[in-house]
Amino acid sequence: MSQDNLYEKSQSHYERKVARQRQLEMMEAAASGTAAEMELDTSSFAEADGSFMRQRNQETARRFLHDEDDSQEQTTPMRGNSTTGHHTLFGQRQSSGPSLNLMDHSAGVYTEQVSGLFSDAVHSVGKFIFKVSGSEIRGNEHDAIAATDGDVFLGDDYKRRSSMRATQCSTILASCVMFFKSLLRDKKRLGLLAMVFLSLFAIVYATNMALQRRPTEKILRENNSFRFNAVLDHIVTESVSHTEVFLNYDSAEYHALRWVAYSDPARLDPMDPLILQRYALAVFYYGSYLAFSEQYGEQKPIQFEGQQFEGVPNPGWTRKDYWMTGKGVCKWYGVLCEGEMVNGVEIADFDKNAPIIALNLTANQLHGTLPMEFKALDSLLVLDFSRNCIGGTIPLQFGRSMIELQYLFLNRNEITGTLPSEMGFMESVRSIRLGNNRLQGSIPSTFNRMYQLRDLGLDNNYITADIPDLEGCQHLIGLYLNNNRLNGRLDTSIGKLTNLFELRVDQNYLQGTIPPEVSNMRRLEHFRANNNLLTGTIPNEIFLKTLRMKEVDLQRNNFEGPLPVSLGGLSHLRLLKLNNNAFQGGIPQAWNRMHGLQILHLMRNKLTGTIPTGIAGLRELRDLSVANNRLAGTIPREIAACEVLTEAYFDYNQFTGTIPAEFGFLKHLETLRVSGNLFHGDVPVQVCALTREHVLTNFMADCKSKVTCECCHRCA
């Protein structure tokens, strides 16, 4: 080493030693009250990584956390004479002169240190530039109550301005501007330095993008306050969320945690069990916002019933009164808590945090997914998110943790995936409605454990395989499996659901026959198995016991054999559709006892014989169709007894004689089709009178050949 270099090194060491000595003397003088007021520069004795300041901030946060009034935990510069026993950095001293403020001038504000290859380079280069420009470098400051530089969390108003990486880029850009301004006086080196700097920046940035280094839990905790870490510990300890989700600064969980820790005006104690409820609701809120903004972008504030519901940007909800404010969750729109007794009267609407028992946001334009964090709502009885835009899958935690849930309504959304077998542990659930979604897979056999289940709606999905044995669901009243891809059989175990009121398995690929055990469901009123691949005959004994039946829809299958005579005993039957099968034989005369029948569809079968005169007993009949069969004979005049008949289809059979004049007495008849038969002669004037009165508006007959008709609307 040359003499000049040795001299410069010793000189530099000497200057630092003198500066440090002078600073210590000034600090001692300030503490003893003999120095003028000043602000302490801690850069000479703080550790390079800022651990001294961080440790001091954590100790302050601990005192801040246990204070009843959080907002009072801050220190301001002291002026005038200090009191006896004042504590300073050097211990307890007595002084009468002005004292030096040793607290950070930004008490209540913590500094977030960003880590990573790119971040370290930015910090080093930025520090160099600020030194050149004569400024002091500082980290990204976050107000411990309100907001951050990268993300703004102002109660209900939320806006993600940029990610952490974008914030770093803006910081270094500002540093570049200041750096270039300081070099304007030295234009000879300006170009060279600018080129070197930009090259370095590009290399470091490209390297960081290639590595895609994620922050670690250690960095996450070091960059945040004691309160943040305390809330984080509470969330993780109770298994509400996993630590990994907070390492993604764009996740809804990270935003929710920051809101609870820093921005939530309620400032609940981190160990308060009810803070988990606010966190879970915040996760859903931010998740809904992120999904909405990704699909639709930022929106204007909502106008609803003359009121404006602010959102920056608007998360798309129709109503979100009091969400993400300091109000207790019991005041938030759609949230119902355990009632509070006031003077013997239960009050449900109050501004407090209490166990949530119902969450009803139906038809509220919800987006996003169902978060696993809802497991924190362990007192929830009702969850109604029907008629929204929720996607994703049903979390496993719904079955494992929400064991008190009684009503789960998620119908008319965009939910995908399979039905979790864990849902079988929801032994208190009474109603599950998941219809009109995109669910796939099979129905878990664990559903047999839902002993209190009364209503199961899985209609309009893509569910496959067999219908499982649901014998354990003895209280089941409604079973809706229609419009899926079920391809098994109707098992005999279906007859064990003796309390079933409505059974809908229509529009599937079910095969085999209808088991006679269906007759055990004596309370059954609605039976729909249409549009399947069912075969065989319909057991006659089914309708000997199911006397409450109001609807029987078995159309569009492959049934054969005779029509069940026992249907005639169903006096409460309103709808009977057996069309598009291969039934044979005639229409039973005993059917005249179906006094309440309104709709009778028998078309497109292989029926023979005549229409029985007992049709006169169907006084409530409105819609009759026997078209496309092999029926013969004349249409009985007793048809006039069906006074409310509106639609009548007799076409494409083998009826003979003339068109009955009794049709003219049906003053509500709008459609009459008799073409494709063996009728002859003139159309009765009574029938044509209905067309002139604009009652009969759809009359079709064989008027091109066999029938003379001046009032037909269509001729075959």
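One-based numbering along the sequence shown. A quick note: this is a predicted structure, and the numbers were derived from the prediction, not measured.
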- Take Asp491 and Asp466 through the test side-chain contact (heavy atoms from CB on, under 4.5 Å) and record every step on the way to the result. CA-CA 9 Å; Asp491 192 74; Asp466 298 341; over 6 Å; no
- Task: State whether Asp233 and Arg221 are salt-bridged, where the test is any N-O pair (Lys NZ or Arg NE/NH1/NH2 against Asp/Glu carboxylate O) under 4.0 Å.
- Result: yes
- Message: Before we go on, tell me: are the rings of Phe246 and Tyr254 under 6.0 Å apart, centre to centre?
- Response: no
- Hey, what's the ring geometry for Phe284 with Phe385, parallel, tilted or perpendicular (30° and 60° as the breaks)? parallel
- Query: Given Thr362 and Ser386, is the side chain to side chain donor-acceptor pair (under 3.5 Å) satisfied, shown in steps?
  - Reply: CA-CA 5 Å; Thr362 181; Ser386 56; 2.9 Å; yes
- Message: Before we go on, tell me: are the rings of Trp317 and Tyr285 under 6.0 Å apart, centre to centre?
- Response: yes
- State whether a side-chain donor-acceptor pair under 3.5 Å links Asn411 with Asn436. no
- Taking atom types as modelled, is there a side-chain donor on Arg438 or Asn461 under 3.5 Å from an acceptor on the other? no
- Task: Classify the angle between the aromatic ring planes of Phe292 and His367 as parallel (below 30°), tilted (30 to 60°) or perpendicular (above 60°).
- Result: perpendicular
- Query: Nearest heavy-atom pair of Phe425 and Gly399: which atoms, and what distance?
  - Reply: CB-O, 3.4 Å
- Message: Could you check whether Arg278 pairs with Asp264 (Lys NZ or Arg NE/NH1/NH2 to Asp/Glu carboxylate O, under 4.0 Å)?
- Response: yes
- In Å and rounded to the nearest 0.5 Å, what is the CG to CG distance from Leu383 to Leu370? 7.0 Å
- Message: Looking at Arg504 and Asp506, is any side-chain nitrogen of the basic one under 4.0 Å from a carboxylate oxygen of the acidic one?
- Response: yes
- Message: Between Asp455 and Arg430, does any side-chain N to carboxylate O distance fall below 4.0 Å?
- Response: no
- Query: Side-chain donor-acceptor pair under 3.5 Å between Ser241 and Tyr279, yes or no?
  - Reply: yes
- Keeping the roles fixed (side chain from Gln397, backbone from Val240), state whether a donor-acceptor pair exists under 3.5 Å. no
- Nearest 0.5 Å please: distance from the CG atom of Leu232 over to the CG atom of Leu220. 6.0 Å
- Item | Test item: Asn482 side-chain N/O and Tyr480 main-chain N/O as donor-acceptor pair under 3.5 Å | no
- Task: Search all heavy atoms of Glu373 against all heavy atoms of Val283 and return the closest pair with its distance.
- Result: OE1-CG1, 3.7 Å
- Query: Which heavy atom in Cys389 sits nearest to a heavy atom in Glu414, and how many Å separate them?
  - Reply: O-OE1, 4.2 Å
- Message: Give me the atom names and distance for the closest heavy-atom approach of Gly287 to Ala252.
- Response: N-CB, 3.5 Å
- NZ/NE/NH1/NH2 to OD/OE distance under 4.0 Å, Asp351 and Lys331: no
- Under 3.5 Å side-chain donor-acceptor pair for Tyr262 and Asn224: yes
